[in-house]
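Reviewing the structure listed below.
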Amino acid sequence: MNLETKKILTELMADFLTISYSGAFDGTVLSAFAKRVETTLTDNPQLNKKIFKIFVELGQNIALYSSDKIITDDQTNFNGYGIFILREYIDKFQLLAGNMAFKEDATIASEKCEKINALSREELREYKRILRKQPAGQKGGGNIGLVQIVLTANSNIEHKVIDVDDSHSFLVFSVEVN
């Protein structure tokens with residue numbers, strides 16, 4: 001990890017930190033986070049559900065598209081490795097997720113975010129219907145998940161691609177929930 005990446009991660013974790021996680025994204029992580037959200041995050045069940053849905057989409061993106069993989073003990077699964085940060089402010093929550101990605105995949109994800117952020121709510125719904133008709137498992141995926149994040153949060157998904165070396169970038173997604 002280069003100096004710029006370390007600096008950005010330090011800044012991300014500096015203030016208003018509610019939850020942070022760094023490691024493999026698997027069922028155990030989802031279960032632990034679900035329990036935290038359901039029991040203690042806020043007294044608003046709808047807000048908790050919204051935050052959980054966004055976390056699941058961000059977590060799946062890391063699990064599937066991270067270039068860093070953790071092999072399970074039984075050698076049957078490869079879980080993506082990444083970070084997740086939840087920050088709570090007076091008027092909003094901010095969810096951040098990051099992972100190492102191959103440069104080509106990071107560029108594709110960034111372009112998808114630009115496209116998705118440019119669409120209206122109705123256009124997003126139509127785009128989601130179109131994407132559902134495409135074959136599963138296409139290279140660069142993340143289509144429906146990124147659309148769902150924007151629809152659920154009702155705000156754009158911010159993204160940053162940080163070059164790490166000749167073949168890798170660190171990809172960060174951020175979304176705010178009011």
Side-chain angles (χ1 to χ4, degrees), residues 12-13 16-66 70 77-99 101 105-106 108-138 140-160 171-178:
L12 289 175
M13 296 186 64
F16 306 103
L17 184 64
T18 301
I19 297 173
S20 69
Y21 173 78
S22 176
F25 277 73
D26 59 16
T28 304
V29 172
L30 289 173
S31 295
F33 186 78
K35 185 175 181 178
R36 171 78 166 104
V37 169
E38 288 172 351
T39 59
T40 61
L41 191 58
T42 76
D43 58 359
N44 181 338
Q46 289 176 319
L47 179 59
N48 291 349
K49 187 175 182 179
K50 186 183 280 195
I51 290 170
F52 178 71
K53 284 181 179 182
I54 294 168
F55 168 76
V56 168
E57 296 297 343
L58 291 170
Q60 286 178 338
N61 200 52
I62 292 171
L64 296 172
Y65 302 113
S66 175
I70 305 295
N77 259 336
F78 298 88
N79 298 308
Y81 187 92
I83 64 164
F84 175 78
I85 299 168
L86 176 65
R87 299 164 100 184
E88 182 178 358
Y89 299 90
I90 293 170
D91 60 340
K92 66 185 176 189
F93 283 90
Q94 181 185 36
L95 293 89
L96 299 109
N99 59 275
D105 293 338
I108 291 169
S110 183
E111 290 169 356
K112 287 178 184 179
C113 285
E114 292 297 326
K115 178 178 181 173
I116 290 166
N117 286 340
L119 299 175
S120 70
R121 193 157 184 82
E122 190 52 45
E123 289 169 328
L124 282 169
R125 287 186 178 117
E126 180 58 31
Y127 186 46
K128 186 175 171 183
R129 286 189 280 273
I130 292 167
L131 292 173
R132 281 203 172 131
K133 295 177 184 175
Q134 291 183 349
Q138 288 184 324
N143 289 312
I144 291 176
L146 294 175
V147 171
Q148 189 59 46
I149 288 169
V150 173
L151 285 170
T152 302
N154 200 24
S155 67
N156 285 346
I157 185 166
E158 302 300 321
H159 52 94
K160 184 169 181 85
L171 179 61
V172 179
F173 292 120
S174 171
V175 66
E176 294 181 353
V177 178
N178 294 321

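Source: prediction; values computed, not measured.
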* Kindly write out the residues that satisfy side chain to side chain contact (heavy atoms under 4.5 Å, CB included) with Gln46, not counting sequence neighbours, or none if the list is empty. => Asn44
* Structure fact -> Between the CD atom in Gln148 and the CD1 atom in Ile157, the distance rounded to the nearest 0.5 Å is 11.5 Å
* To do: Check side chain to side chain donor-acceptor pair (under 3.5 Å) between Asn48 and all other residues, then give those that pass, not counting sequence neighbours.
  => Thr42
* To do: State which residues pass side chain to side chain donor-acceptor pair (under 3.5 Å) with Ser31; sequence neighbours excluded, sorted by chain then number.
  => none
* To do: Could you pull out all residues at least two apart from Arg132 that satisfy salt bridge (Lys or Arg N to Asp or Glu O under 4.0 Å)?
  => none
* To do: May I have all residue pairs that pass side-chain hydrogen bond (donor to acceptor under 3.5 Å, both in side chains) and include part of residues 50-60, sequence neighbours excluded?
  => none
* Taking all heavy atoms of Phe93 and all of Leu47, pick out the closest pair and write down the distance. => CE1-CD2, 3.6 Å
* To do: Only counting residues at least two apart or in another chain, list the ones meeting salt bridge (Lys or Arg N to Asp or Glu O under 4.0 Å) with Lys92.
  => Glu176
* **Rounded distance (nearest 0.5 Å) linking atom OG of Ser120 with atom OH of Tyr127** => 13.5 Å
* To do: Dump the intermediate steps for side-chain contact (heavy atoms from CB on, under 4.5 Å) on Ile144 and Lys128, then the final yes or no.
  => CA-CA 6 Å; Ile144 291 176; Lys128 186 175 171 183; 4.2 Å; yes
* Interatomic spacing from CG in Leu151 to CD1 in Ile54 - rounded to 0.5 Å -> 10.5 Å
* Asked: Got more than 12 heavy atoms from elsewhere within 6.0 Å of CG, Asp91?
  -> yes
* Structure fact -> side chain to side chain donor-acceptor pair (under 3.5 Å) filter on Asn154, not counting sequence neighbours, yields Arg121
* Partners meeting side chain to side chain contact (heavy atoms under 4.5 Å, CB included) with Ile130 (sequence neighbours left out) -> Glu126
* Asked: What's the shortest heavy-atom distance between Leu95 and Ile51, and which atoms?
  -> CD2-O, 3.8 Å
* Under the side chain to side chain donor-acceptor pair (under 3.5 Å) test, residues paired with Glu111 that sit two or more places apart -> none
* Compare every heavy atom of Ala109 with every heavy atom of Leu171, then report the nearest pair and how far apart it is. => CD2-CB, 3.7 Å
* Out of curiosity, Cys113 SG to Ile108 CD1, how far, rounded to the nearest 0.5 Å? -> 12.5 Å
* To do: Working to the nearest 0.5 Å, report the span between CD1 of Ile83 and CD1 of Ile62.
  => 7.5 Å
* Structure fact -> The salt bridge (Lys or Arg N to Asp or Glu O under 4.0 Å) partners of Glu114 (sequence neighbours excluded) come to none
* Structure fact -> Heavy-atom closest pair (Leu58 atom, Ala97 atom, distance to 0.1 Å) is CB-CB, 3.9 Å
* Ala153 and Val175: which non-hydrogen atoms are nearest, and at how many Å? -> CB-CG2, 3.4 Å
* Stepwise salt bridge (charged side-chain N to carboxylate O under 4.0 Å, His left out) check, Glu122 with Arg129 -> CA-CA 11 Å; Glu122 190 52 45; Arg129 286 189 280 273; 3.5 Å; yes
* Structure fact -> CG (Leu146) and NE2 (His159) are apart, to the nearest 0.5 Å, by 9.5 Å
* To do: Quick one: list whatever passes ring-ring contact (aromatic ring centres under 6.0 Å, His included) with Phe84, sequence neighbours left out.
  => Phe33, Phe55
